[in-house]
There are 2 protein chains.
Amino acid sequence: MVTIKDVAKHAGVSVATVSRVLNNNGYVGTETRKNVMAAIEELNYSPNEVARSLYKRGSRLIGLLLPDITNPFFPQLARGVEDEAGRQGFRLLLGNSDEDIEKEMDYIQTFVQNNVVGMITATNHVDYDMYQSLDLPLVLLDRTSSSYPAVYADGREGGRLAAETLIKKGAQRVTLVKGPAHVKPAVDRYRGAMEVLGEADVDFSVMSTTSYAFEEALNWAEELFQKFPETDGIIASNDIVGIAIIHEALKRGKNIPEELQIIGYDDIPQSRLSYPPLTTIRQPAYEMGRKAAELLIQRIGQPQQEHRSIQMPVELIERHTTRKDDQE
Amino acid sequence: MVTIKDVAKHAGVSVATVSRVLNNNGYVGTETRKNVMAAIEELNYSPNEVARSLYKRGSRLIGLLLPDITNPFFPQLARGVEDEAGRQGFRLLLGNSDEDIEKEMDYIQTFVQNNVVGMITATNHVDYDMYQSLDLPLVLLDRTSSSYPAVYADGREGGRLAAETLIKKGAQRVTLVKGPAHVKPAVDRYRGAMEVLGEADVDFSVMSTTSYAFEEALNWAEELFQKFPETDGIIASNDIVGIAIIHEALKRGKNIPEELQIIGYDDIPQSRLSYPPLTTIRQPAYEMGRKAAELLIQRIGQPQQEHRSIQMPVELIERHTTRKDDQE
DNA sequence: TTGAAAGCGATACCAG
DNA sequence: CTGGTATCGCTTTCAA
């Protein structure tokens, strides 16, 4: 490994000087700088971030804590974070929590031990001690809290929009699939949808699901049709469940969207691939990730600043699991 | 921040002693150990990994370089790596290369600068200088090379299996969708399939695709039916394309699997969600990730050891885009 | 404009 | 069994 010492020796200067040209601060003569640069080049030197981090008590690393990268909504968030962070010279330490507090604490601890300069987390546990006592710039992603800056989509509005759409398009017996109670954005959507359903002249039912796990999606879909065979409009808890519902509906010979309309949530990339392609409420996941990184890095610069959250707009993506217009 | 010094002071011993109990080596009196433990507990101390890493010239970090986590095959790989690494006390630095050499080099550099102890990469560029000159345990994931240990699935066999299946099930005019030429596993599959097709009594065509990008999938599907409207059996380059093909076929009123059989590749989680659910060749992605981590960590322990690669078996998952049996 | 040296938080060697 | 101290690679005073 080539160190700053080697460079210094090679250039015939002190390490202090090398450090100065490396960081572009302090005075350094033009000639000297040129020599040092040459030495760096020749030796193919790049500074040890660990040593740097130790002295500065801060690395160029950001901790990213996600529930489960295997759930298709999160890779997009992650990519957004990574791309923006990367552009600004930061790298990512990644952790999947599975919404499990133990794992979450574990990751947070190692993030801290590794001197991350900030952290982006999609957690439902912000109110726990570990977060309170965390002395790090933090931004919440896809979650909210009054205590921290956050980047999230307007879940309530999303829920409303989904319900309004279905009603406007003439659904009479709506089924609302409720996501897991411990997942905040899921309950926001649920509430939004409920508001609208409560005010409308339609019958509706609610079906609870307790997980977002992939393997379960088809089971939920099956259960749904067993319990509510007469439904003609379904608000799915997310796109995965929505796609599973399409599957099950087709299997049962239902016509989509004539007999049964379905609306999803998230607009994951594969939603346009289903047949018929899924109408859904879009969350701008990639953009959310980007913004979160932006916000965090900004806070890393000025930690004292009052914090601000960003609510991203949600959008109806009309595809073919809903009817073109009201066809009562 | 509480340091080893604080603990030492609190426990009335030297830092050396604290270090000993921390690392469980050297002699330490029972009483002393107890005191130190107590101090650690009380101060809620946890050692600074950065300092440790600096001295030891090695962290507890592993670099994971993937083409694009947004492509549904990779999250599973990543989860496998993370879970196994985590179990053994390692954390992940994540990078997406987009198969771009610049980005790849950038990530590798920062991985090194951060003292990662090893690296897992799904790259097509192993033969570049940067890898040759890399003095780090390295394992390839989903790629192969004679120079490094690797964990990969048997692409050739997978391709063969796909083609054999389609033929056995009575396809007469097969279309083989060829993945991007610069992606190694894609060409392995292609070759495998070609071997079988060449030996069989069926007509077949090859359609080239130049990217695995999500947004393109539907375009490839459309192009396929324009170019080869008469095909009755399609070997997709991966499940995403397979699902897009189902979409397009249904849109064109084709009966699956009676008129048209389709077989995918990868067995990503959403493949069972399509309707009809996609028959596919399964790569055990999660398990591959796990094995890669296992292999790497093993090598970190004994770097000199002769390296060994692991080829994972590939498996036909029969769902409903192929016929039950030969129905010529 | 430059260099010497202290220090970041840990580990491990050497004495005692 | 325990403590003092050099060391890891870098940054940043302080003096010259």
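Convention: sequence-line order gives letters A, B, ...; per-chain numbering from 1.
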**Asked** For residues 29-44 of chain B, which residues have at least one heavy atom under 4.0 Å from DNA chain D?
**Response** B:G29, B:T32

**Prompt:** Of the options B:V81, B:T121, B:L65, which is the one that meets B:L141 in a side-chain contact (heavy atoms from CB on, under 4.5 Å)?
**Reply:** B:V81

**Request:** Using side-chain contact (heavy atoms from CB on, under 4.5 Å) as the criterion, point out the one residue from B:L134, B:T123, B:V116 that pairs with B:I108.
**Result:** B:L134

**Request:** Tell me, please, the opening and closing nucleotides of DNA chain C, 5' to 3', among those with an atom under 4.0 angstrom from a non-hydrogen atom of chain B.
**Result:** C:dG9 to C:dC13

**Asked** Within a reach of under 6.0 Å around NZ of B:K103, are more than 12 heavy atoms found that belong to other residues, nucleotides or ligands?
**Response** yes

**Item:** Step-by-step side chain to side chain donor-acceptor pair (under 3.5 Å) determination, A:N25 to A:R20
**Value:** CA-CA 5 Å; A:N25 58 18; A:R20 283 190 201 99; 5.9 Å; no

**Request:** Would you confirm whether A:E82, through its side chain, and B:N96, through its main-chain N or O, come within 3.5 Å as a donor-acceptor pair?
**Result:** yes

**For B:I4 against B:V18, the heavy-atom pair lying closest together** = CG1-CG1, 3.5 Å

**Asked** Going by the angle between their ring planes, with limits at 30° and 60°, are A:Y107 and A:F111 parallel, tilted or perpendicular?
**Response** tilted

**Request:** Would you sort out whether A:Q298 and A:Q88 count as a side chain to side chain contact (heavy atoms under 4.5 Å, CB included), showing the intermediate values?
**Result:** CA-CA 10 Å; A:Q298 200 173 296; A:Q88 304 208 36; over 6 Å; no

**Item:** Short side-chain donor-acceptor distance under 3.5 Å, A:T70 and B:R79
**Value:** no

**Message:** Does the protein touch nucleotides 8-16 of chain D at the base, only the backbone, or not at all? Give it as B, S and - per nucleotide, heavy atoms under 4.0 Å.
**Reply:** BBSBBB---

**B:R290 vs B:D83, salt bridge (charged side-chain N to carboxylate O under 4.0 Å, His left out): CA-CA, chis, key distance, verdict** = CA-CA 7 Å; B:R290 264 196 9 80; B:D83 288 356; over 6 Å; no

